Amino acid sequence: MSDKITVNDKGVLTVPVNPVICFIEGDGIGPDIWAASRTVFDGAVHTAYRGTRQIAWKEIFAGEKAKTKTGNYLPDETLEAIKEYIVAIKGPLTTPIGGGMRSLNVTLRQKLDLYACVRPVRYFSGVPSPVKSPEKLDIIIFRENTEDVYSGIEWEANSLEAKKLISFINDNFSKTIPLESGIGIKPMSEFGSRRLMKMAVEYAVKHGKKSITIVHKGNIMKFTEGAFAKWCYKEAGENFKDITIKESDIKGPKDSEGKIIIKDRIADAMFQQLLLRPDEYEVIVTPNLNGDYLSDAAAAQVGGLGLAPGANIGKYAVFEATHGTAPKYAGLDKVNPGSVMLSGVMMLEHLGWDEAAKLIIKGIEKTIDQKYVTYDLERQMKGATLAKCSEFGKRIVENMK
């Protein structure tokens, strides 16, 4: 017997003890890392709740498997299933080459209005890292997911559409864009910016975070990224004024007592800050393109994308591996499944099943501490034992107990 998760108008979930959750295996290494991860998810739920709760997994299709089964990389049935069952988790997907949609991931986000890409980045002790003190980095990035240059409003150089738009701009706004240029539009809205900031502040309150940093390039792009920063400050000032304070308004140490400090940093400077002073940052709010760069760069500091989870959240939630499909390793039972596993931790937390989520973290930490790891970590860790993807998952379940 299984039941559906429901969500009210305020975004609050009602989760039954046996919820149906959709999954997409993914392409390339997707089936391997999904199989290992599912073992871990089911093991954590069983260990935490002793059979009183259980996930009913429902497979849905996207990517190459969907193309084979339906002739479509992203069938309408998949989108409708996520809307019906509210929560899904997925492996990496191949983007079709040579036409069609520009990205399955971006299309999913836009079709379902999954406006927040949420990426926590933290260090697991023992994981090889290129920096001296990777443990100082412990952040969560809220990346706007539906606007900015990723909205897909662009035209190829020398196309009729590009020439028409360039001519219009040049003729009406005294610009001198070369007519043979490709051109794109970078939309940012007050609505999109403020709802992202609202989610970030609510997260900071719930998790006891002391600061939120707005990352933008508003010194150059004043009416898009600059406006994004302005609107984020406006959301905090209007709807969270009793619990937030601007960094610029702090005159003495007592001014910020009991309040969340709202900072802002220019995007290029923020890359330096995360390397040189990572422990000064906790929650980051940023537009789409900045967030893409920052989240991958931050993940590199703590050992790479193999242990980097992600979620796309709006009314619905799709949790995902943040790396690619690595087709040359497909079917080899070799690749680190940590990104999917940790995305599952986020999923369980989203459901309110924190006990199971903590068990997965415990299992991963202990398994890495035992140096029983997949090839990407084993080749960098002295004295490590090489584990298959499936073996890594089974050891994590054993280490939950």
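Since we're looking at a predicted model, the values are computed, not measured.
- For E144, there are no salt bridge (charged side-chain N to carboxylate O under 4.0 Å, His left out) partners two or more places apart in sequence or in a different chain.
- Salt-bridge check for D249 with K259: failed, with every basic side-chain N at 4.0 Å or more from each acidic carboxylate O.
- Distance alone, capped at 3.5 Å, places no donor-acceptor pair between the S129 side chain and the G303 backbone.
- The cationic group of K334 does not satisfy the cation-pi geometry with Y329, failing either the under 6.0 Å distance to the six-membered ring centre or the 45° limit from the ring axis.
- Side-chain contact between F240 and E202 is present, with heavy atoms from C-beta onward closer than 4.5 Å.
- Other residues, nucleotides and ligands contribute at most 12 non-hydrogen atoms within 6.0 Å of the CG atom of D76.
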Checklist entry - Passes side-chain contact (heavy atoms from CB on, under 4.5 Å), T94 versus L104? Steps please. => result CA-CA 7 Å; T94 299; L104 290 172; 5.7 Å; no

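- Ion pairing between K4 and E84 holds under the 4.0 Å rule for side-chain N and carboxylate O.
- The minimum heavy-atom distance between A88 and I21, with the atom names listed, is CA-CG2, 4.4 Å.
- Scanning all heavy atoms of the two residues, the minimum distance from S343 to E320 falls at OG-O, 2.6 Å.
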Item to check | Stepwise side-chain contact (heavy atoms from CB on, under 4.5 Å) test for I245 and D255 | outcome: CA-CA 8 Å; I245 184 171; D255 291 347; 4.2 Å; yes

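- Inter-residue side-chain proximity for T244 and I212 is flagged as unmet; no heavy-atom pair is nearer than 4.5 Å.
- At least one side-chain heavy atom of Y375 sits under 4.5 Å from a side-chain heavy atom of L386.
- No side-chain heavy atom of L108 sits under 4.5 Å from any side-chain heavy atom of N312.
- No side-chain donor from either of N18 and R53 sits under 3.5 Å from a side-chain acceptor of the other.
- Under the 4.0 Å criterion applied to side-chain N and carboxylate O atoms, D264 and K246 are not assigned as salt-bridge partners.
- Residues F228 and I214 are in side-chain contact: their nearest non-hydrogen atoms beyond the backbone lie under 4.5 Å apart.
- The closest side-chain donor-acceptor pair between R109 and Y150, if any, does not fall under 3.5 angstrom.
- Shown here for I262 and A236, the closest heavy-atom pair between the two residues is CG1-CB, 4.3 Å.
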Item to check | Steps toward side-chain contact (heavy atoms from CB on, under 4.5 Å) verdict (L307, L342) | outcome: CA-CA 7 Å; L307 290 169; L342 290 170; 4.1 Å; yes

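- Annotation for V340 and A321: closest pair CG2-CB, 3.5 Å, computed over non-hydrogen atoms.
- Annotation: side chain of V345 is not in contact with side chain of F319 (no heavy-atom distance under 4.5 Å).
- We find that E64 and K67 are not joined by a salt bridge, their nearest charged nitrogen and carboxylate oxygen being 4.0 Å or further apart.
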Item to check | Candidate pair E235 and L196, rule side-chain contact (heavy atoms from CB on, under 4.5 Å), full reasoning | outcome: CA-CA 9 Å; E235 175 64 25; L196 182 72; over 6 Å; no

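- Here the CG-CD distance, from L289 to E147, works out to 14.0 Å after rounding to the nearest 0.5 Å.
- Between the side chain of S295 and the backbone N or O of G291, at least one donor-acceptor pair lies under 3.5 Å.
- With hydrogens and angles disregarded, a donor-acceptor distance shorter than 3.5 Å links the side chain of R119 to the backbone of P309.
- The environment of K198 atom NZ is sparse: at most 12 non-hydrogen atoms of other residues, nucleotides or ligands sit within 6.0 angstrom.
- Summarising the geometry of P337 relative to S37, their closest heavy-atom pair is O-OG, 3.6 Å, with the distance given to 0.1 Å.
- Put simply, the side chain of D27 never gets that close to the backbone of L93: no donor and acceptor are under 3.5 Å apart.
- Taking all atoms of both residues into account, the shortest heavy-atom contact from S211 to K263 is CB-CE, 3.8 Å.
- Under the 3.5 Å distance criterion, with hydrogens and angles disregarded, no donor-acceptor pair is assigned to the side chains of T70 and N72.
- The CD1 atom of I396 sits 7.5 Å away from atom CD1 of I368, with the distance rounded to the nearest 0.5 Å.
- Annotation: K371, atom NZ; neighbour count of heavy atoms from other residues, nucleotides and ligands within 6.0 Å is above 12.
- Shown are H216, K230, K186; of these, the side chain to side chain donor-acceptor pair (under 3.5 Å) with E225 is made only by K186.
- Between atom SG of residue C117 and atom CG of residue D292 there is a gap of 8.0 Å, rounded to the nearest 0.5 Å.
- At most 12 heavy atoms of other shown residues, nucleotides or ligands fall within 6.0 angstrom of atom NZ in K111.
- The pair D42-R38 meets the salt-bridge criterion, with a side-chain N (NZ, NE, NH1 or NH2) lying under 4.0 Å from an Asp/Glu carboxylate O.
- Distance alone, capped at 3.5 Å, places no donor-acceptor pair between the S390 side chain and the A36 backbone.
- Ring geometry for F23 against W34 counts as parallel: the plane angle stays under 30°, on a 0 to 90° scale with 60° as the upper cut.
- Side-chain contact between L274 and I284 is present, with at least one heavy-atom pair separated by less than 4.5 Å.
- Counting heavy atoms from C-beta on, the side chains of S167 and L179 come closer than 4.5 Å.
- Here CG of D148 is found 10.5 Å from CD1 of I153. Values are rounded to the nearest 0.5 Å.
- Taking the charged nitrogens against the carboxylate oxygens, E59 and K65 do have a contact shorter than 4.0 Å, which makes a salt bridge.
- Ring geometry for W353 versus Y49: interplanar angle over 60°, hence perpendicular rather than tilted (30 to 60°).
- Figure legend: K209 and Y203 shown without cation-pi pairing, the cationic atom not lying both under 6.0 angstrom from the six-membered ring centre and within 45 degrees of its axis.
- Rounding to the nearest 0.5 Å gives a distance of 7.0 Å between CG of N219 and CG of D268.
- With values rounded to the nearest 0.5 angstrom, K136 atom NZ is found 11.5 Å from R277 atom CZ.
- Counted within 6.0 Å of CD on E365, heavy atoms from surrounding residues, nucleotides or ligands total more than 12; the atom is thus considered enclosed.
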